[in-house]
Each structure stands twice: as structure tokens, then as C-alpha cells.
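In what follows, every heavy atom counts, from backbone to side chain, and hydrogens, waters and symmetry copies are set aside.
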Amino acid sequence: MNQIKSLMSDFKSREIPFFSPLGIILFLGSVLYLQHVYVPGFFHDGYLYAALGKNAVFRGHWLVPFMSETVYPKFSEHPPLFFMIEGLFFSLVGSSFTAARLFAGLWGLVLLGSMFKFARRFYSENFAFIATFLLATMPFLIKKVRFPNLDLPLSICFILCFYYFMRITETKKLKHYLKFSILLGLAFLIKGIPALFILLAIFLFVLVEKNLRTFLLDGKAWGAILFSLMIFALWPLALWMSGEFLIFQEWIDRQFFATIVNARGQKEFEFFSYFTHLLKYSGPWFVLGCLGITKRPWSHATKLCIVAFGSMLLCLSLMKWKYSHYLLPAYPALCILASTFIYPFVKDRMILCKNFAFLLALAGAVTFAIFPLGVQSNRDQGLVEMTRQLPRLNQSKDFILVDDAYEFWAWANYLSFVYDANPRVMLMAEVKKSLEQFSDSIYFMKKSNFDQIKDALPPKIMQLFYMEKNDVVVLGPDHLAFP
């Protein structure tokens, strides 16, 4: 009994050796973000972005991203910087589901490090530990680091831009203006228009602080913004020099007119969708963040977090087209606000908090290593099992979806990443003629459609695989049916 009491006393009063507060957070983040790194199958945008990175390095499509000859032969939805970085990563480790998940997970760890940097500088190291712990354990973030996506590096640019902006307000040093402008330029090159939320938050902060005149007369501030736009301009300039400027025009049309103005055809307007999403998937964090706003007086950093989170949530809520990914850059600010409420209750128990986080990470690592938790994904299990059982499918590049037998974007993006395929669609009425003309193609159709033609199949065409859950038959040349 005395030994147990002694251990409990040590747990509350002695820090874990060899691990700094940031080290504990990164250890926890590694366990949470990388425990499933070898699991195939993820969100359909992940397949797309992984395919674009793969084709950058292995097929030379660096400036104009390429998915397949039939779908996105010239991808104009986003600037190419993220896919360039992903391509460089794949050049080092190869392209696979494991590599793609590792690439995403590393962005998550860099985000934690950036968050810790901001909170430690403008609050304290202990406060930074609490804030970054809250961010690391957010279920929504854990979900988003499971596949390559642009919102993770964009979130890093957000928090670091805010860091260097706050440093500018303190010192007015040229190096901070320069770092801010580079990061803002990178934010534009990663996702374009959403980077404007950084400038919006800063403008609102200046208004709240009643420093608008000082800001407007700050030549270095305007120079930093101009330099960031010059960095972004490297992309359209390179497109113009290579004769591909139409890609930039299409990007403007898709991002501004199609998404912001026309909401991609969305008719219904639901203002509170993001509020509902926050309560459903990040309820405790959202409630604590709202309570944190009530803690006065506000520091300068807290004011910036309030306007950053509030302005982004409000502007996104006013859009008809909504996507949960868009909220991700606002989560670091939310965790800062939540920590302003929590920290007074735990600041005298920080050793206990750090030891608890370390043991939580250690227990998670041991648990995931011993028990088969998180070793499967529910995403596109039929396609994943098909790939496992039919390794010869990579001999074909022509994959055909008949009568919307499978969700198109998940199907097309998966096949493009895994097989370098050229996915296309076809009506059932065209299949018979196509089977005679294109005998090497792979067809995906509902079993009811297959039953109509199975007795009249051309020679050497057979059922290769059946996705029972999706009720989809995979049809193709018989020589592909063998391991």
C-alpha cells in the first residue's frame, strides 16, 4: 500500500524524464495519427490527391496536376504546390496507401508543433501544452489526418502567419514581415482563396485594437502583403510561360464563381450547419471555446483567436456550399480559446497533466501494437479486397463503370491512384458491343445487369470478382483472374 502511495505521489510531483512538453505532445500525436498508417482505403479526395502527387513525380506532371487521361487530365481545382511536395515525398518512400497516410500524418505533427510554438510564445509553455493537447485529441482532426488533404498545411500556414503577425506587433522587425509574407504566399499557393481568411482576421484584429491608422500607414505591412501575392503569382506566370494559362482561368471560375457565387448548384441555405457540425463532432471543444471567450481580460493573442475563429465560422456559414474540411484552419484558434477557460483549473497540476498525457500515449501505443484496433477501414472495402485478390488487374488501364454501379468519385479516384487507370462510364445498353470491341477492359456492373448478359459473354470474358456489400460484379479477361 505504501508503495502504491509513493508511486501516486511521484506521478503527481515528478516529471517524465527525457520528454519535453512538446515531445510528449508529438509522441501522443504520433500514436493517434500514425497507428493506422498501413491500412488501405480512405476518403475519395485522398485517392485523388495521392494520385496527383504520384503522377507528379513518376509521370512528370508537376505544374499541371494529372489524374488520368479520362478524368482530370488537367486538374484545375487547386494550385499545384501541395501535389509537388507530395510528389517529392513519394520520390523518397514510394507511392502507396502507407506512404500517403504517413504524408498526411506528418502534416498533423507539424501542425501540433506550430500550435505549440504560437501558444508558448504568447501565453506560457504550460498553457501551450494544454492547448496543443486539446488540438491533438480532437476527433475531427484525428479523422482528417488519415488521408492527404490541403487543409492540414493550410492550417499550419494560418497559425504561423498569426505567430509572425503578433511578433510584428511586438518588434516591427523586418525578418518577421518577411516570414509572414512567405507563409501567406504559401497559403495562397496551397489552396488559394481561403488564405484570405488570414488577412480578414488580421484586419478585424486591427479594428478591435483601434490601430487601423497605424496599420494603413505601415509600408512594410503593405510590402509584405504585396510580396505574398508575388509569390502566388509565380503559379499563373509559370502557366502562362508554358502555354497552360487556361488552367488558371478555370481555377478562378471553379473556386470563385462555381463554388462561392453559385454554390456548385446547391439550392438550400443552412446557416447553422457548421454550428451543428461543431456540436456534433467537437462539442466539448466548442463549448469550452465559447466559455473561454467569457474569460476577461483578453490578451492580444486571445483577441486574435476570437476574431480568427469567429470571422471564419461566420463567413463559411454564410456560404450555401459547405464542406467540413473548410473549418479545419479554425480549430487551433478554438483550442486556444478553450484553453483560456481550462488552464486556470489545471495550472497548479501541470506535472500530473503531462504525466497523464505521456501514459495515455504509451498505453495507446502498447494497445495498438498488441490488439487489432484500427487495422481496417470501412472505406471501399470491396475495391480494397479486389486489389488484394486480383494482383493482375494492374495489367489493364481501361476500367468502365456501368450504370452508376458504384459511387463514381471514390471508384475513379481509387483506380487512378492504385492502377494508373483511365476510368470511364458506360450505359448498360452499350456493354455488349463494348465487350466485343474492348476485350481487355474491366467492367463494374450491378449483379442484376450481369445476370442479363452472363450467358452471352464473349470467349475468355468472365466474372473476376463480386463485391457482395455493393452488389457489384467485376467483369474482365479470364487471364486476370489468377494470382
Are any of the side-chain heavy atoms of [X] and [Y] separated by less than 4.5 Å?
X      : Y      : value
Leu480 : Ile442 : yes
Leu152 : Val110 : no
Leu141 : Leu135 : yes
Phe66  : Lys74  : no
Lys446 : Asp403 : no
Arg379 : Tyr47  : yes
Leu475 : Leu435 : yes
Trp62  : Leu88  : yes

Please check if the number of heavy atoms outside Gln437 that lie under 6.0 Å from its CD is greater than 12.
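Yes - once you tally the heavy atoms of other residues, nucleotides and ligands closer than 6.0 Å, there are more than 12.
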
Quick check: are there more than 12 heavy atoms from other residues, nucleotides or ligands sitting under 6.0 Å from CZ of Phe275?
yes

Please verify the inter-ring angle class for [X] with [Y]; under 30° counts as parallel, over 60° as perpendicular, anything in between as tilted.
X      : Y      : value
Phe232 : Phe248 : tilted
Phe165 : Phe205 : perpendicular
Phe75  : Phe83  : perpendicular

Is the side chain of [X] donor-acceptor paired with the backbone N or O of [Y] at a distance under 3.5 Å, no angle test?
X      : Y      : answer
Thr259 : Phe256 : no
Asn413 : Trp409 : yes
Ser311 : Val307 : yes
Asp151 : Leu328 : no
Ser396 : Asp440 : yes
Ser228 : Ile225 : yes
Asp380 : Gly41  : no
Asn149 : Lys144 : yes
Glu407 : Ala410 : yes
Arg101 : Val39  : yes

Heavy-atom pair with the smallest gap, counting every atom of [X] and [Y]:
X      : Y      : value
Ser434 : Met426 : OG-CE, 3.4 Å
Gly105 : Leu34  : CA-CD2, 3.8 Å
Ala481 : Leu390 : O-CD2, 3.8 Å
Pro148 : Ala50  : CG-CB, 4.5 Å
Ala195 : Leu184 : O-CD1, 4.0 Å
Met115 : Pro332 : CE-O, 3.2 Å

Would you say the ring centroid of Tyr406 lies under 6.0 angstrom from that of Phe444?
no

May I ask you to check whether Tyr38 and Phe97 place their ring centers less than 6.0 Å from one another?
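Between Tyr38 and Phe97, the centre distance exceeds or equals 6.0 Å.
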
For the ring-ring contact (aromatic ring centres under 6.0 Å, His included) test, which of Phe245, Trp251, Phe188 pairs with Trp235?
Trp251

[X] bridged to [Y] by N-O distance under 4.0 Å:
X      : Y      : answer
Glu385 : Arg388 : yes
Asp398 : Arg424 : yes
Glu270 : Lys320 : no

For Leu200, run the side chain to side chain contact (heavy atoms under 4.5 Å, CB included) check against Ile202, Leu204, Leu196 and tell me which one passes.
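The passing option is Leu204.
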
Looking only at side chains, do Tyr326 and Trp321 share a donor and an acceptor under 3.5 Å apart?
yes

Cut-off 3.5 Å, side chains only: do Tyr414 and Thr387 have a donor facing an acceptor?
yes

Do Lys191's NZ or CZ and the ring of Phe82 fall within the cation-pi criteria of under 6.0 Å and 45°?
no

Could you pull out all residues at least two apart from [X] that satisfy side chain to side chain contact (heavy atoms under 4.5 Å, CB included)?
X      : result
Leu92  : none
Val366 : Ile370
Lys447 : Asp451, Tyr466, Asp471, Val473

Assess the residue pair Phe133 and Phe116 against the criterion (side-chain contact (heavy atoms from CB on, under 4.5 Å)); give the C-alpha distance rounded to whole Å, side-chain angles, the decisive distance to 0.1 Å, and a yes or no.
CA-CA 9 Å; Phe133 177 84; Phe116 193 89; over 6 Å; no

Mind checking the [atom1]-[atom2] spacing from [X] to [Y]? Nearest 0.5 Å is all I need.
X      : Y      : atom1 : atom2 : result
Leu334 : Met138 : CG    : CE    : 5.5 Å
Leu81  : Ile231 : CG    : CD1   : 10.5 Å
Gln381 : Asn378 : CD    : CG    : 5.0 Å

Please list, chain by chain and in numerical order, all residues satisfying side-chain hydrogen bond (donor to acceptor under 3.5 Å, both in side chains) with Ser324, sequence neighbours excluded.
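For Ser324 there are no side-chain hydrogen bond (donor to acceptor under 3.5 Å, both in side chains) partners, ignoring immediate neighbours.
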
Quick one: list whatever passes side-chain hydrogen bond (donor to acceptor under 3.5 Å, both in side chains) with Glu77, sequence neighbours left out.
Arg254

What ring pair (Phe, Tyr, Trp, His ring centres under 6.0 Å) pairs are there with at least one residue in residues 139-159, not counting sequence neighbours?
Phe43-Phe147, Phe140-His277, Phe140-Tyr331, Phe147-His325

